[in-house]
Amino acid sequence: GKDGELSATLLEDEDRLKSDIWGRFLTFKKELLNALGDVSYADAIDRFMKDNKLSTVEEQYLNMFLEGGETEYAGDSNMLSLQDVSLDLDDLGGVKTHYMAVPGAGFG
């Protein structure tokens, strides 16, 4: 768009990204846990990106996943355990998760 305008582009190859990039990351995740033990999701994805030549779109896809995990677990991806937290691409995005504050508790 023009300067100062935001624009969005439909992610047309989401199925390929999900099966290829995410599948490769899951294999990498198992290998990393065996080699180093537990690390954070942020560290694991950072290592994966450094070890693989990814396009900008592929990197953005993985970053979107990290942000979804932060939203789902209300925490920083640097603190999400690769071993103990199971992030599933199908569950991320906040669609299935709702939070309603208790009246008078500061949010409602």
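Residue indices begin at 1 and follow the sequence shown. Values below: all heavy atoms of this structure, side chains included; hydrogens, waters and symmetry mates excluded.
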### Task
Could you tell me which non-hydrogen atom of E59 sits nearest to which non-hydrogen atom of M49, and how far apart they are?
O-CE, 3.4 Å
### Message
Suppose we screen for side-chain hydrogen bond (donor to acceptor under 3.5 Å, both in side chains). Which residues come up paired with D76, at least two apart in sequence or across chains?
### Response
N78
#### Entry: Contacts of S77 that satisfy side-chain hydrogen bond (donor to acceptor under 3.5 Å, both in side chains) - sequence neighbours left out
E70
[atom1]/[X] to [atom2]/[Y] distance, rounded to the nearest 0.5 angstrom?
X   : Y   : atom1 : atom2 : result
I45 : L66 : CD1   : CG    : 3.5 Å
Y61 : W22 : OH    : CH2   : 8.0 Å
I21 : L26 : CD1   : CG    : 11.5 Å

### Query
Would V39 end up clustered with M79 when hydrophobic side chains under 4.5 Å apart are linked, directly or stepwise?
no
### Query
Under a 4.5 Å side-chain heavy-atom rule over Ile, Leu, Val, Met, Phe, Trp and Tyr, are L36 and F25 clustered together?
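Yes, it is one cluster - the side chains of L36 and F25 are joined through contacts under 4.5 Å.
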### Task
Examine distances only and state if a side-chain atom of Y73 and a backbone atom of V85 form a donor-acceptor pair shorter than 3.5 Å.
no
### Task
Any salt bridge (charged side-chain N to carboxylate O under 4.0 Å, His left out) involving residues 38-49? Give me the pairs, sequence neighbours left out, ordered by first then second residue.
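The answer is D43-R47, D46-K50.
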### Message
Strictly by salt bridge (charged side-chain N to carboxylate O under 4.0 Å, His left out), give each pair with a member in residues 19-37 just once, sequence neighbours left out.
### Response
R16-D20, D20-R24
### Pairwise side-chain contact, F48 with L32, heavy-atom cut-off 4.5 Å (strictly under)
no
## Note on the structure
Hits for side-chain contact (heavy atoms from CB on, under 4.5 Å) against N34, two or more places apart or cross-chain, chain-then-number order -> none
### With sequence neighbours excluded, residues passing side-chain contact (heavy atoms from CB on, under 4.5 Å) with T56
Q60
